[in-house]
Amino acid sequence: SAIHLSDSALAEVKGESIIHGNHVVGGTSPSSVYLKDGARFTLGGKAKISNESGKNGSGVFINGAEFTMSGNAEISGNSTTSSGGGVHIEGTGGKFNMTGGTVSGNTAVSGGGVYIASGCEFNMSGGSVKDNKAVHTSSTQCKGGGVFLAGKFNMSGGIISGNEAKKSDTEYGDGGGVYTESIGAELKMSGGARIVPSADKKSGKNDVYINADKLIYITGELTGTEKVACITPKTYLAGTELVKWMGSGNMPSGYAGRFDLTSNGGIWELLLRSDNKTFILNQPSAVIDGDNGGTWAQLKNAVETAVDN
């Protein structure tokens, strides 16, 4: 590793420093920045970690340590054939705090931008995670183009955009924007947090994949008026809980319009449950417009003029 910190060591890199192109392929420190055992590291200013290739977390590997990213810092163009192309977080107490900067153009099998293992935490209040990819031919492994989440993700600001999970040129994996694992994942959103839906609202293109029994928890007011996420449920099933309001009182009005559902699921909508706090999946009744001519009008006319025998 270019930087290896352990045993509660503290370091900061800022200004216009560049950690570039180490191409680490072995050893016990498989990343440009390797943090463990309570170490703390800050990447700020215009500092940059780029063009690394190797094991988990080619850019930054966090093992029971804490990493903070701020200013206009950048983690870009890193790749791994495993997890966490840009940042990989594991180990008890592993934490990534992002107040600014950009994680972009990184590639992995899962967690192209950021990989968060169970028991770890990603706190994002600013900056961006954009244009990262999870790439693998198997949909069971191609997960989380922007973020793979098996721990806690507290998103109170910042933008996640343009990320993809891709199996091939024409096929997509799960969770282009964020993938929530079935065990341990907890996604919380508030403030100016945005996981920007793709124009075609396609699964695998910057969407949020919600696994069984997982939800998006809204822990405070969502500022602005833009869409904040496009959701792909593991299963399109009426009554499935997807979004839950954790603030005081009822779900604020208009919040259903802040979320989209991916287009490949058919015609579904978010419906506010009777508790006034939870959005669930609902399939609206189909309406046949007999005044619009064509086949539907013929069907409507045939039903209305039918005689029971």
Over all heavy atoms of both residues, which pair between N211 and K234 is shortest? Give the atoms and the distance, please.
-> OD1-CD, 3.2 Å
Can you tell which of L261, T278, L215 makes a side chain to side chain contact (heavy atoms under 4.5 Å, CB included) with L242?
-> L261
Any side-chain heavy atom of T235 within less than 4.5 Å of one from T240?
-> no
Does the side chain of F67 reach to within under 4.5 Å of the side chain of K95, using non-hydrogen atoms?
-> no
Side-chain heavy atoms of V228 within contact of E226, under 4.5 Å | no
Is the Y179 ring parallel, tilted or perpendicular to the Y209 ring (thresholds 30°, 60°)?
-> parallel
Hey, could you give me each pair passing side-chain hydrogen bond (donor to acceptor under 3.5 Å, both in side chains) that has a residue in residues 191-201? Not counting sequence neighbours.
-> S198-D200, D200-K205
Under 3.5 Å donor-acceptor, R273 side chain and G239 backbone | no
Rounded to the nearest 0.5 Å, the CZ atom of F61 sits from the CG atom of L35 at a distance of 10.0 Å
What one should report as the nearest heavy-atom pair of K36 and A65 is N-CB, 3.7 Å
Do NZ/NE/NH1/NH2 and the carboxylate oxygens of K277 and D275 come within less than 4.0 Å?
-> no
Atom pairs and distances, donor-acceptor, side-chain atoms in residues 155-165, under 3.5 Å, two or more places apart:
{"unit_1": "N163", "atom_1": "OD1", "unit_2": "D131", "atom_2": "N", "d": "3.2"}
{"unit_1": "N163", "atom_1": "OD1", "unit_2": "N132", "atom_2": "N", "d": "2.8"}
{"unit_1": "N163", "atom_1": "OD1", "unit_2": "N132", "atom_2": "ND2", "d": "3.0"}
{"unit_1": "N163", "atom_1": "ND2", "unit_2": "V129", "atom_2": "O", "d": "3.1"}
{"unit_1": "N163", "atom_1": "ND2", "unit_2": "S161", "atom_2": "O", "d": "3.1"}
{"unit_1": "N163", "atom_1": "ND2", "unit_2": "N206", "atom_2": "OD1", "d": "3.0"}

Would you mind reporting whether V114 and F96 have side-chain heavy atoms less than 4.5 Å apart?
-> yes
Among S128, S76, S50, which residue meets the side chain to side chain contact (heavy atoms under 4.5 Å, CB included) test with S104?
-> S76
Are M124 and I218 co-members of a hydrophobic cluster defined by side-chain heavy atoms under 4.5 Å apart?
-> yes
K214 and E186 ion-paired at < 4.0 Å | no
Who passes salt bridge (charged side-chain N to carboxylate O under 4.0 Å, His left out) against E74, sequence neighbours left out?
-> K48
Do side-chain atoms of Y115 reach the backbone of S82 as a donor and acceptor pair under 3.5 angstrom?
-> no
In plain terms, say whether D260 and K227 are close enough for a salt bridge, that is, a side-chain N and a carboxylate O under 4.0 Å apart.
-> yes
